[in-house]
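Just so you know, these numbers use all the heavy atoms, side chains as well, and skip hydrogens, waters and symmetry mates.
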2 protein chains.
Amino acid sequence: MPIDWEQLRIEQPALGPIPVILRDAARIRVFKKGQLLYRRGQLPEAMLCVLSGEIRLVRHAPGGAEIVLQRSRSGFVAEASLDAQTYHCDVVAATDGRLLLFPRFAFQAALENEPVFNRAWINLLAREVRRLRAKGELLSLNSAAARILHYVEAEGSDGAIILNQTRKSWAAELGLTHEVLYRTLRQLRERGGITIEGERITLCAPRVPYDPDHPGEKDQSGWDPLPQMPGGGGASPAGGIDGPDQPRRPGRREQSGG
Amino acid sequence: MPIDWEQLRIEQPALGPIPVILRDAARIRVFKKGQLLYRRGQLPEAMLCVLSGEIRLVRHAPGGAEIVLQRSRSGFVAEASLDAQTYHCDVVAATDGRLLLFPRFAFQAALENEPVFNRAWINLLAREVRRLRAKGELLSLNSAAARILHYVEAEGSDGAIILNQTRKSWAAELGLTHEVLYRTLRQLRERGGITIEGERITLCAPRVPYDPDHPGEKDQSGWDPLPQMPGGGGASPAGGIDGPDQPRRPGRREQSGG
DNA sequence: GGTGGCATATGATTCAAATCACACGCTGGG
DNA sequence: CCCAGCGTGTGATTTGAATCATATGCCACC
């Protein structure tokens, strides 16, 4: 099956720097939901890039509970297996989909022989580190408002963002229910902390309303339009090695087997 | 000030592969709490490795709220600035401490001229991606018990782990308060889901107790010793692009300015 | 020995997100 | 046109973690 690299490059810009020699070695693999693609302990033979569907790296706890270590619906996954002797977990298909496989030896050779590709790979990894670190910070925030603020500031420009997804999927990205996202957006809007124009969300500086009828009076509403962000005092988000200023709140509903 | 590389290598194994030419170019910079080390928009001139203290990458929202994008108490930070034209945020010292600086041009040269270092850097980034992805999965879990299970399975071996930190700092790493960590550990222990021997924590398979006095009866406690892990049905942790099976619960206490 | 600081641990209360329930609008397919 | 599915949005209730409060033990320092 020939691979339409022009189309792939459009769907996944990260594939742009893949050199010709690696393209020629690549293969597409179709997978079905539930399929075990690679077993823990197995020698990795390919680098994996998800084209469609979802791939997960999982381990099984005693009793069979499934621990998801990574998941991807698009882009590379299990990057660390480039030089690993074995997979440290199972590679499982969570849905139907397609994988782009690069033989590992060819990937390694390309990193050695193609300086442009080498640098591009380093950049891709470094940017993923950056993205994941910001995400970890966001997920460590305790309130919905703080998360919204963090997201708009971090992902947008100049305190504004144009959303390119549904509110529901945005809520998921923020680790929130859609209900609390709607509520919090409304609260923030009503308090003047943000403005919403269609898909554009803009953070606003706190207003100190000047009422010409009552000069000298300040807004006594007792509530800033934007939440104060925690962490100023030295908070370490989850993963820190010292005490938390503001530890994370995980969910509820232990989903017991009872 | 000469740099004791033997000592550094012990403290930070990641510095092991740094080639001599880079070592010779490295400098130690002492920083004070509150110091602005690099300003957003500035051209990055060095790669940064935190030796002590804490460094943060921050942006400021309208109104002055500080958005933490990354933080590090040990190891590299702002890796993506290797090829960036500008810093996309401020680099700030959250505490007193020390930074190891590698001139960017020297770092780039070493990546080009030292194949062993090049490969080591790629590995370091890939492993950091792996670590951060697992952390994101953990932080997306809703319950304390699920987080504990995830951590032990992901960070330990064969369903067991020997903790090398205080319970308090472990709680922070899990994004929990220490109170809920203690409680949940006790619950899990009482239900036979885990065993705790000093610093060693082991996951146990669920028991179906066989009571010889009442053959045929099953445990009716209504509660599995280990929590069922969410996500089996296709959950996408925060950051996903589709709906959540189990969105994250951020904290409470908006820390309003009121 | 006394004191302070911090870790370990527990109980009571508070709190905001999750959950549950529902309404309405839009779109695609029959 | 009707229906199903999904997004947008809101209100009521439940829930488990966060917060608050406290006790005890350990260790370092004076």
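Atoms CG (B:Leu138) and C1' (D:dA17) sit 15 Å apart, rounded to a whole Å. Remark: P of C:dA17 and NE2 of A:His178 are 15 Å apart, rounded to the nearest angstrom. In this entry the distance linking CG of B:Leu176 with P of D:dT19 reads 12 Å, nearest Å. One can place CG of A:Leu181 at 13 Å from P of D:dG7, the figure rounded to the nearest angstrom. Residue B:Leu141 contributes atom CG, which lies 15 Å from atom C1' of D:dG16 at whole-angstrom precision. Atom CD1 of B:Ile196 and atom C1' of C:dT8 are 12 Å apart (whole Å). Rounded to whole angstrom, the span from the CZ atom of A:Arg167 across to the C1' atom of D:dT10 amounts to 15 Å. Counting to the nearest Å, the C1' atom of C:dA9 and the CH2 atom of B:Trp170 are 15 Å from each other.
For A:Glu179, the side-chain contact (heavy atoms from CB on, under 4.5 Å) partners two or more places apart in sequence, or in a different chain, are A:Thr177, A:Arg183.
Salt-bridge check for A:Glu128 with B:Arg130: failed, with every basic side-chain N at 4.0 Å or more from each acidic carboxylate O.
Here D:dA17 is the nucleotide among C:dA7, D:dA17, D:dG7 with the atom lying nearest to any side-chain atom of B:Val180. Residue A:Tyr182 has its side chain nearest to D:dG9 when only C:dT10, D:dA17, D:dG9 are considered. Of the candidate nucleotides C:dA7, D:dG7, C:dT10, C:dA7 has the atom lying nearest to any side-chain atom of B:Thr166.
A donor-acceptor contact shorter than 3.5 Å links the side chain of B:Ser52 to the backbone of B:Arg98. Between the side chain of B:His178 and the backbone N or O of B:Trp170, no donor-acceptor pair lies under 3.5 Å. A donor-acceptor pair is defined here as one N or O able to donate and one able to accept, closer than 3.5 Å; such a pair exists between the side chain of B:Arg59 and the backbone of B:His88. Between the side chain of A:Glu54 and the backbone N or O of A:Gly97, no donor-acceptor pair lies under 3.5 Å.
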Contact list (N/O, under 3.5 angstrom) for nucleotides 24-28 of chain C vs protein:
none

Dump every N/O contact between nucleotides 11-13 of chain D and the protein below 3.5 Å, one line per pair.
unit_1 : atom_1 : unit_2   : atom_2 : d
D:dG11 : N7     : A:Arg183 : NH2    : 2.9
D:dG11 : O6     : A:Arg183 : NH2    : 2.9
D:dA12 : N6     : A:Arg183 : NH2    : 3.0

